[in-house]
Amino acid sequence: MQKLGLTQSLQQKLSPQQIQFIKLLQIPTAELEARIEEELENNPILEEGREEAFDDYGSEDESYDDPEDSFDDGMNDDLNVDDYLRNEDEASYKTQGDNGGDDEERTLPIATISTLTDSLLAQLDFEKLTEKEKIIGRQIIGSIDEDGYIRRDLEAIVNDLAFSQNIETEYEEVEKILHIIQTFDPPGIGARELQECLLLQLDRKEHDNKIVTLAIRIVDDFFDEFTKKHYEKIQKRLDVSDEDIKDAIRLITRLNPKPGGSASGDVRTQYLIPDFLLTNNSGRLELTLNSRNAPELRISRSYADMLDTYDKSDKKDKSIRETVSFVKQKLDAAKWFIDAIKQRQQTLLRTMNAIVQFQYDFFLEGDESELRPMILKDIAQAIDMDISTVSRVANSKAVQTEFGIFPLKYFFSEGIATETGEDVSSREVKSILKEFIDNEDKRNPLSDDKLEKMLNDKGYNIARRTVAKYREQLNLPVARLRKEL
């Protein structure tokens, strides 16, 4: 006999307005401008400009509840237009931006390259492929990780295409497109493992060069021995001279093991526009929000004529009622968007102000050693917001200082205790670790155990596994692979 029972679960469902705010919060200034243009095109009730009067959407609200919980769950279906008619010329909004002068003069945008994915997609467009092959290519490119590798099994990509794109394909067809992508820049891109990555780079070199040929043979046939640095064994098996084996090993070790981290060349140049401007006014730090974050936005007055007509008309007319319902939806959408922009700016300012207070000594002098250990939780607690909200701000924003433009992620790091009990930033420890490795004897490189002892001798209480983690974050190989002939 089957038992019946009741279970109760509690789920949090984000409203469309909360989702809109979250999306607006995590995009940088340059992308926000495009997003606002898109909203202006899609919603005729929203327009650029400024009215003298402000309603609740344009007032300075000092309440700083977590914005992700601050929106209504949905629109009111009532078609009562009285409230809309009363506020027809009030709903406007001025951004809380920097009013201290022309942004063209005050901000110092710096050139950055577009993303690796953008570059690969652009190269894919130049290939003479069918529409189906281009869809497969885009799926493959989307599966390439930040190091430039595709570690997802091709059979899984076949399944992804079937379920998400309704594209029926075979392993061989996906692999064929992968081989095309592997000819793209940067060299080595789209490899499934390190050995293939190195071979892809060597294949682009002159094959009539005996050292290139020897290097390909080593990677292709003796990769395991190469990774273990059994060079004498390789030399004996291949019967080559000391000079040739040294040249071949030198060629291989100069290849890029992480091609995704070096996308360059003909990649489109973009500009990093700082979201915040921080100035030092005689020892007093002053923070402003870049006014490029948004233009002046307001609710159009033209909709009032439609609502006024409806208010004086036969409200039983179905066509008029449908028209007014559409206008009301667009009006609510415009107010939601204006409110989301305003809350975005309040959240940005509140988060950045907390970061400035936490790292005040650094912002005064620009001295990296003054950076305090700081994690997302520290800022979230300071401003009484959720960690995920702070994370969205930190992951996509930048601040302009007198010492340059810094991504906010730069200021977050864990702490390491010293012998005196004082916390220091992990960035400081990494800097010292890199200095040790840069100055080591490459014929006898320092092991992680040795590096641990050297850091402990300098007063940093750090374990060997932490040394290994920091070394990997610095993209530095283990001692065995740093050894030179």
With heavy-atom distances below 4.5 Å as the criterion, would you say the side chains of N256 and K258 are in contact? yes

Measure the shortest side-chain to side-chain distance between I144 and I181 over non-hydrogen atoms and say whether it is less than 4.5 angstrom. yes

Which of these passes side chain to side chain contact (heavy atoms under 4.5 Å, CB included) with L278: I355, T288, V399? V399

For D457, is there an ion pair with K453 - N to carboxylate O distance below 4.0 angstrom? yes

Checking D449 against S447 for the side-chain hydrogen bond (donor to acceptor under 3.5 Å, both in side chains) test, could you report, in this order, the C-alpha distance in whole Å, the side-chain angles of both residues, the deciding distance, and whether it holds? CA-CA 5 Å; D449 288 324; S447 66; 4.9 Å; no

Which heavy atom in N43 sits nearest to a heavy atom in A334, and how many Å separate them? ND2-N, 3.4 Å

Mind checking side-chain hydrogen bond (donor to acceptor under 3.5 Å, both in side chains) for Q139 and listing every partner two or more places apart, or none if nothing turns up? none

Determine whether V390 and I383 satisfy the following criterion, side chain to side chain contact (heavy atoms under 4.5 Å, CB included), listing intermediate values before the conclusion. CA-CA 9 Å; V390 177; I383 62 178; 4.0 Å; yes

Residue pair L129 / L124, side-chain heavy-atom distance below 4.5 Å: yes

Between I341 and L32, does a side chain to side chain contact (heavy atoms under 4.5 Å, CB included) hold up when you go through it step by step? CA-CA 10 Å; I341 291 290; L32 180 65; 3.9 Å; yes

Side-chain (Q182) to main-chain (G190) donor-acceptor, under 3.5 angstrom: yes

Spell out, as yes or no, whether a donor-acceptor pair under 3.5 Å connects the side chain of T253 to the backbone of I249. yes

Chi angles and distances behind the side chain to side chain contact (heavy atoms under 4.5 Å, CB included) call for E48, E37: CA-CA 10 Å; E48 292 184 84; E37 286 299 321; 4.0 Å; yes

Sequence neighbours excluded, which residues qualify as side chain to side chain contact (heavy atoms under 4.5 Å, CB included) partners of D125? none

List the steps, then state whether side-chain hydrogen bond (donor to acceptor under 3.5 Å, both in side chains) holds for T347 with Q343. CA-CA 6 Å; T347 304; Q343 295 218 30; 5.5 Å; no

Let's go through V429 and T466 carefully: what are the C-alpha distance in whole Å and the side-chain angles of both, what is the deciding distance for side chain to side chain contact (heavy atoms under 4.5 Å, CB included) to 0.1 Å, and is it a yes or a no? CA-CA 10 Å; V429 180; T466 308; over 6 Å; no

With a 4.5 Å heavy-atom cut-off, do R392 and D386 have their side chains touching? no

Close side-chain approach of P186 to L116, heavy-atom, < 4.5 Å: yes

Side chain to side chain contact (heavy atoms under 4.5 Å, CB included) filter on A122, not counting sequence neighbours, yields none

State, to 0.1 Å, how close I375 and F412 come at their nearest heavy-atom pair, and which atoms those are. C-CD2, 3.6 Å

Sort and list the pairs that fulfil ring pair (Phe, Tyr, Trp, His ring centres under 6.0 Å) and have at least one residue in residues 363-386, not counting sequence neighbours. F363-F411

Donor-acceptor pair, side chain of D147 and main chain of Y149, under 3.5 angstrom: no

For S143 and I157 the tightest heavy-atom approach is OG-CD1, 3.9 Å

Which residues pass the side-chain hydrogen bond (donor to acceptor under 3.5 Å, both in side chains) test with D448, not counting sequence neighbours? R471

With T183 via side-chain hydrogen bond (donor to acceptor under 3.5 Å, both in side chains) - residues at least two apart: none

Checking the side chain of Q195 only, and the main-chain atoms of V219 only, is there a donor and an acceptor separated by less than 3.5 Å? yes

Gap between atom CD1 of I136 and atom CG of L178 - 0.5 Å precision: 11.5 Å

Taking all non-hydrogen atoms of both residues into account, name the closest pair between Q201 and L255 and its distance. OE1-CB, 3.6 Å

List in chain and number order the residues that pass side chain to side chain contact (heavy atoms under 4.5 Å, CB included) with E440, two or more places apart in sequence or in another chain; answer none if no residue qualifies. I437, K442, P445, L446, R482

For R350, is there an ion pair with D384 - N to carboxylate O distance below 4.0 angstrom? no

Under 3.5 Å, is there a donor-acceptor pair between the side chain of R372 and the main chain of F358? yes

For T117, side chain to side chain contact (heavy atoms under 4.5 Å, CB included) partners two or more places apart: T115, L121, I141

Does CD belonging to E365 count more than 12 external heavy atoms closer than 6.0 Å? no

For the backbone of E38 and the side chain of N42, can you confirm whether one donor and one acceptor N or O come within less than 3.5 Å of each other? yes

Close side-chain approach of L476 and L433, heavy atoms under 4.5 Å: no

Flag yes if more than 12 heavy atoms outside F326 fall under 6.0 Å of its CZ atom; otherwise flag no. no

NZ/K450: more than 12 non-hydrogen atoms of other groups inside 6.0 Å: no

Donor-acceptor pair, side chain of T279 and main chain of N281, under 3.5 angstrom: no

In plain terms, say whether K335 and D339 are close enough for a salt bridge, that is, a side-chain N and a carboxylate O under 4.0 Å apart. no

Y410 meets the ring-ring contact (aromatic ring centres under 6.0 Å, His included) criterion, sequence neighbours left out, with F406

Quick one: does E196's side chain have a donor or acceptor within less than 3.5 Å of a partner on R192's backbone? yes

State which residues pass salt bridge (Lys or Arg N to Asp or Glu O under 4.0 Å) with D361; sequence neighbours excluded, sorted by chain then number. none

Can you find a pair of side-chain heavy atoms, one from L408 and one from D275, that are under 4.5 Å apart? no

Results of side-chain hydrogen bond (donor to acceptor under 3.5 Å, both in side chains) for R152 - residues two or more places apart only: D160

Are the side chain of E452 and the backbone of V467 linked by a donor-acceptor contact shorter than 3.5 Å? no

Is E131 salt-bridged to R138, cutoff N-O under 4.0 Å? yes

Answer yes or no: does atom NZ of K205 have more than 12 heavy-atom neighbours from other residues, nucleotides or ligands under 6.0 Å? no

Here the pair of heavy atoms bringing R204 nearest to L200 is CG-O, 3.5 Å

If you count every heavy atom of other residues, nucleotides or ligands that lies below 6.0 Å from E146 atom CD, does the total exceed 12? no

Smallest heavy-atom separation, R344 atom then F21 atom, equals N-CE1, 3.4 Å

Would you say the side-chain atoms of N280 pair up with the backbone N or O of L285, donor to acceptor, closer than 3.5 Å? no

Are any non-hydrogen side-chain atoms of L251 and L202 less than 4.5 angstrom apart? yes

Under the salt bridge (charged side-chain N to carboxylate O under 4.0 Å, His left out) rule, what pairs show up with a residue in residues 278-288, not counting sequence neighbours? R284-E286

